[in-house]
Amino acid sequence: GNSVTQMEGPVTLSEEAFLTINCTYTATGYPSLFWYVQYPGEGLQLLLKATKADDKGSNKGFEATYRKETTSFHLEKGSVQVSDSAVYFCAQGGGGGSEKLVFGKGTKLTVNP
Amino acid sequence: GAVVSQHPSWVICKSGTSVKIECRSLDFQATTMFWYRQFPKQSLMLMATSNEGSKATYEQGVEKDKFLINHASLTLSTLTVTSAHPEDSSFYICSATVGVGYEQYFGPGTRLTVT
């Protein structure tokens, strides 16, 4: 079945450091790919998405590119801030996000000043 | 906009009792709502998909008689855990979407502890 594997955390970085969180997927067909973020005490929020191969999703300085050849959707940010501390989930799904989502286990990021 | 609420945010109940969790879309009409379960340090696992006015579709391995889902209106879905047991203790999260092509908006989750 469809699955998502993302790097396990926790990840601890200093402010302004470069961030990469790896995510790979297995799927039949060509799903849409998503990164969700969960800040402490809040619900999951869509951070960015890509709906087809070679698409790049971007938001709030975060980027991820849909790589069909490597079945990957790695999340990157050039300079993290303390406010980026959260749990990040990679996910796949259909219908542009309106259909059921398959999530990775989540990666907790802590950014220290 | 696009806010989804859940009530209660946490609940403790005794083994053998039932507990109801509400999921509401506050500022939009949700044709579809989803219920997920999250174990500590694990990913969210979809339990069921519910469409307004029709029976929920349960994922394989989810007991539909134990986890009753009702989607009575375009803004409300409920999950009832019947005859709860300690192994049902978990974090339950709902999401809602307007429809095909639109993203899911997630509620903040409900922590259920069964003693």
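Since the structure is predicted, the reported quantities are computational estimates derived from the model, not experimental observations. We name chains A, B, ... by the order of the sequence lines, and we start the count at 1 in each one.
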Engineer: Quick one: pull up NZ in Lys52(A) and OH in Tyr30(A) and give me the separation to the nearest 0.5 Å.
Structural biologist: 14.5 Å
Engineer: What part of Leu46(B) lies closer than 4.5 angstrom to a heavy atom of chain A: side chain, backbone, both or neither?
Structural biologist: side chain
Engineer: Is the Tyr88(A) to Phe62(A) ring centre distance short of 6.0 Å?
Structural biologist: yes
Engineer: Measuring from Ser25(B):OG to Leu74(B):CG, what's the distance to the nearest 0.5 Å?
Structural biologist: 7.5 Å
Engineer: Counting only non-hydrogen atoms closer than 4.5 Å, does Gln6(B) touch chain A with its backbone (N, CA, C, O), its side chain (CB onward), both, or neither?
Structural biologist: neither
Engineer: Rounded to the nearest 0.5 Å, what separation is found between the NZ atom of Lys60(A) and the OG atom of Ser58(A)?
Structural biologist: 12.5 Å
Engineer: Is it the backbone or the side chain of Thr97(B) that comes under 4.5 Å from a heavy atom of chain A, or both, or neither?
Structural biologist: side chain
Engineer: Can you find a pair of side-chain heavy atoms, one from Leu33(A) and one from Thr51(A), that are under 4.5 Å apart?
Structural biologist: no
Engineer: Chain B contacts: which residues in residues 103-113 of chain A have a non-hydrogen atom closer than 4.5 Å to it?
Structural biologist: Phe103(A), Gly104(A), Lys105(A)
Engineer: Check whether Phe39(B) gets within reach of chain A through its side chain, its backbone, both or neither, counting any heavy atom under 4.5 Å.
Structural biologist: neither
Engineer: Starting from the C-alpha separation in whole Å, work towards a yes-or-no answer on ring-ring contact (aromatic ring centres under 6.0 Å, His included) for Phe106(B) and Phe34(B).
Structural biologist: CA-CA 9 Å; Phe106(B) 285 80; Phe34(B) 302 86; 8.3 Å; no
Engineer: In sequence, state the C-alpha distance, the side-chain angles, and the governing distance for Phe28(B) and Val4(B), and then conclude on side chain to side chain contact (heavy atoms under 4.5 Å, CB included).
Structural biologist: CA-CA 9 Å; Phe28(B) 66 100; Val4(B) 174; 3.9 Å; yes
Engineer: Measure the spacing between NE2 of His7(B) and SG of Cys23(B) and express it to the nearest 0.5 Å.
Structural biologist: 13.0 Å
Engineer: Going through the checks in order, is the side chain to side chain contact (heavy atoms under 4.5 Å, CB included) test met by Gln81(A) and Glu15(A)?
Structural biologist: CA-CA 5 Å; Gln81(A) 305 300 313; Glu15(A) 207 164 23; 3.2 Å; yes
Engineer: Identify the residues of residues 64-74 of chain A whose heavy atoms come closer than 4.5 Å to a heavy atom of chain B, ordered by number, or report 'none'.
Structural biologist: none
Engineer: Using the rule that two of Ile, Leu, Val, Met, Phe, Trp, Tyr join whenever any of their side-chain heavy atoms come within less than 4.5 Å, decide whether Tyr92(B) and Leu44(B) are in one cluster.
Structural biologist: no
Engineer: Could you state whether Ile69(B) and Val81(B) fall into the same hydrophobic cluster, counting links through intermediate Ile, Leu, Val, Met, Phe, Trp or Tyr residues with side-chain heavy atoms under 4.5 angstrom apart?
Structural biologist: yes
Engineer: Quick one: pull up CD in Glu63(B) and OG1 in Thr82(B) and give me the separation to the nearest 0.5 Å.
Structural biologist: 8.5 Å
Engineer: When the ring centroid of Phe89(A) is compared with that of Phe34(A), is the distance short of 6.0 Å?
Structural biologist: no
Engineer: Suppose a student defines contact as a heavy atom less than 4.5 Å from any heavy atom of chain B. Which residues in residues 17-25 of chain A would they list?
Structural biologist: none
Engineer: Apply side chain to side chain donor-acceptor pair (under 3.5 Å) to Trp35(A) and list each qualifying residue two or more places apart in sequence or on a separate chain.
Structural biologist: none
Engineer: For the atom pair OG1 (Thr110(B)) and CD1 (Ile21(B)), what is the distance rounded to the nearest 0.5 Å?
Structural biologist: 4.5 Å
